[in-house]
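This report concerns only the one structure given below.
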Amino acid sequence: MADSGVAALHRSILEWYSVHARPLPWRDPSCSPWGVLLSEVMAQQTPLARVEPAWREWIDRWPTPADLAAASPADVVRAWGRLGYPRRALRLREAAIAIVDRHGGDVPRDQGELKALPGIGDYTAAAVAAFAFGDRSVVVDTNVRRVEARVVTGVEHAAPSLTRAEVELAAALVPEDDKDAATWNVAVMELGALVCTARAPRCAECPVRERCAWNVGGRPAYDGPPRRGQKWHGTDRQVRGIIVQTLRDSLDPVARADLASGRDAAQVDRCLAGLIEDGLVEPVGAERFSLPGHDQDDAVEEVAG
DNA sequence: GATTCGTGGGT
DNA sequence: TACCCAAGAAT
């Protein structure tokens, strides 16, 4: 694409974002880097509409990394609620501890140091650098991949997994100026989330519909490799979810038989072992289980009282 | 590089 | 109803 085309793309999408950006709390200029980091981890594979209420609870309860570092694993897993992938809650706590230990309690600005934190990968490190510190970085999430696949490459869907070419394309499209770069990154993501959606894209509302290769080309159907659907019913993931939900909802340790009643015993055992290995479940005595680091004072008080 | 890892709303 | 898919990371 010619440079003039890239400049026009920048103007169109940045202008669209200035009008249509959602007023998410972590986008407020007063939001701390910690608040931004928290939002990015919560948003991993989770729709923002479900993230926002949880984010407000967390930032109110644990306003700094030091505050979260002092929480118990059981507390953070309960507070995580039903956001999904609860290992993220544990990693967030571990990241907070690392931030206190290695960075004096302040979220680091360097992407390499960010990536060294538990639960922070390429995407999240780039996102925190851009959205918390205003640095120029290359943010490539599922939205960016889809928007650029359509607008530039002319295909409906990006490849099944992130390719080198996609990263290079994204890098080539990020504006040179730091401030424009940070806004560009979030603007493309927002366009993908609100207009250039995976299914039923709203092309009529798109600011770049006239320069989108996929749209101009008649929106040809996807003809790449078959995309694997996510299994759910009967999987270990489902049983793990049931077990953790049971423990989240229980103030007291739970017997093995009550963790996921009605499920195959061998599967429950396998999932339980995995959850213990992951640090999401902790054995209590011989045959009972609880969330990790669960404070037993309540149970003791019940007995004592 | 392919798999695994939750949950719920939209189509 | 069944399926798709969401600001990915770790292994």
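Quick note on labels: first sequence line is chain A, next is B, and so on, each numbered from 1.
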Which is true for [X] with a 4.0 Å heavy-atom rule: it touches a base, it touches only sugar-phosphate, or it touches nothing?
| X | result |
| --- | --- |
| Leu24(A) | base |
| Trp26(A) | base |
| Arg50(A) | base |
| Gln245(A) | nothing |
| Gly121(A) | sugar-phosphate |
| Thr142(A) | sugar-phosphate |
| Ala198(A) | sugar-phosphate |
| Leu162(A) | nothing |
| Arg27(A) | base |
| Arg248(A) | sugar-phosphate |
| Arg82(A) | sugar-phosphate |
| Asp278(A) | nothing |

Both Arg22(A) and Arg91(A) contact DNA chain C. Taking the nearest nucleotide for each, which residue is further toward the 5' end? Arg22(A)
Which comes earlier along DNA chain C counting from the 5' end, the contact point of Asp122(A) or that of Gln230(A), where each point is its nearest nucleotide? Gln230(A)
Roughly how many Å is it from [atom1] in [X] to [atom2] in [N], rounded to a whole number?
| X | N | atom1 | atom2 | answer |
| --- | --- | --- | --- | --- |
| Arg237(A) | dT4(B) | CZ | C1' | 7 Å |
| Leu37(A) | dG8(C) | CG | P | 15 Å |
| Arg145(A) | dA7(C) | CZ | P | 13 Å |
| Trp184(A) | dA7(C) | CH2 | P | 18 Å |
| Glu40(A) | dA6(C) | CD | C1' | 14 Å |
| Gln45(A) | dA9(C) | CD | C1' | 9 Å |
| Leu92(A) | dA9(C) | CG | P | 13 Å |
| His233(A) | dG8(B) | NE2 | C1' | 12 Å |

Note: for Val244(A) and Arg199(A) on DNA chain B, the residue whose nearest nucleotide lies more 5' is Val244(A)
Can you tell me how far P in dT11(C) sits from the matching atom in dG6(B), rounded to whole Å? 14 Å
Taking atom P in both dA7(C) and dC5(B), what distance in whole Å separates the two? 22 Å
Looking at Tyr222(A), is Arg227(A) sitting on its ring face, NZ or CZ under 6.0 Å from the six-membered ring centre and within 45 degrees of the normal? yes
Under 4.5 Å between any side-chain heavy atoms of Pro207(A) and Leu191(A), yes or no? yes
Verify the contact: side-chain N or O of [X] to OP1 or OP2 of [N], cut-off strictly under 4.0 Å; return yes or no.
| X | N | answer |
| --- | --- | --- |
| Arg240(A) | dG6(B) | yes |
| Ser161(A) | dG1(B) | no |
| Arg146(A) | dA6(C) | yes |
| Gln44(A) | dG8(C) | no |

Closest approach to the side chain of Thr124(A), judged atom by atom: which nucleotide of dA9(C), dC5(C), dG6(B) is it? dA9(C)
Side chain of Trp232(A) only, heavy atoms from C-beta on: which candidate in dC5(B), dG8(C), dT7(B) is closest? dT7(B)
Okay, side chain of Ser250(A), backbone of Asp252(A): is any donor-acceptor separation there less than 3.5 Å? yes
Should the ring pair Trp62(A) and Trp58(A) be called parallel, tilted or perpendicular, given that the plane angle runs from 0 to 90° and is split at 30 and 60? perpendicular
The ring-ring contact (aromatic ring centres under 6.0 Å, His included) partners of Trp214(A) (sequence neighbours excluded) come to none
Quick check for you: to the nearest 0.5 Å, what is the distance between Leu275(A) atom CG and Leu247(A) atom CG? 8.5 Å
I'd like a table of donor-acceptor pairs (distance under 3.5 Å, sequence neighbours excluded) in which one partner is a side-chain atom from residues 167-178 of chain A, with atom names and distances.
{"residue": "Glu168(A)", "atom": "OE2", "partner": "Arg164(A)", "partner atom": "NE", "Å": "3.3"}
{"residue": "Asp177(A)", "atom": "OD2", "partner": "Lys179(A)", "partner atom": "N", "Å": "3.2"}
{"residue": "Asp177(A)", "atom": "OD2", "partner": "Asp180(A)", "partner atom": "N", "Å": "2.9"}

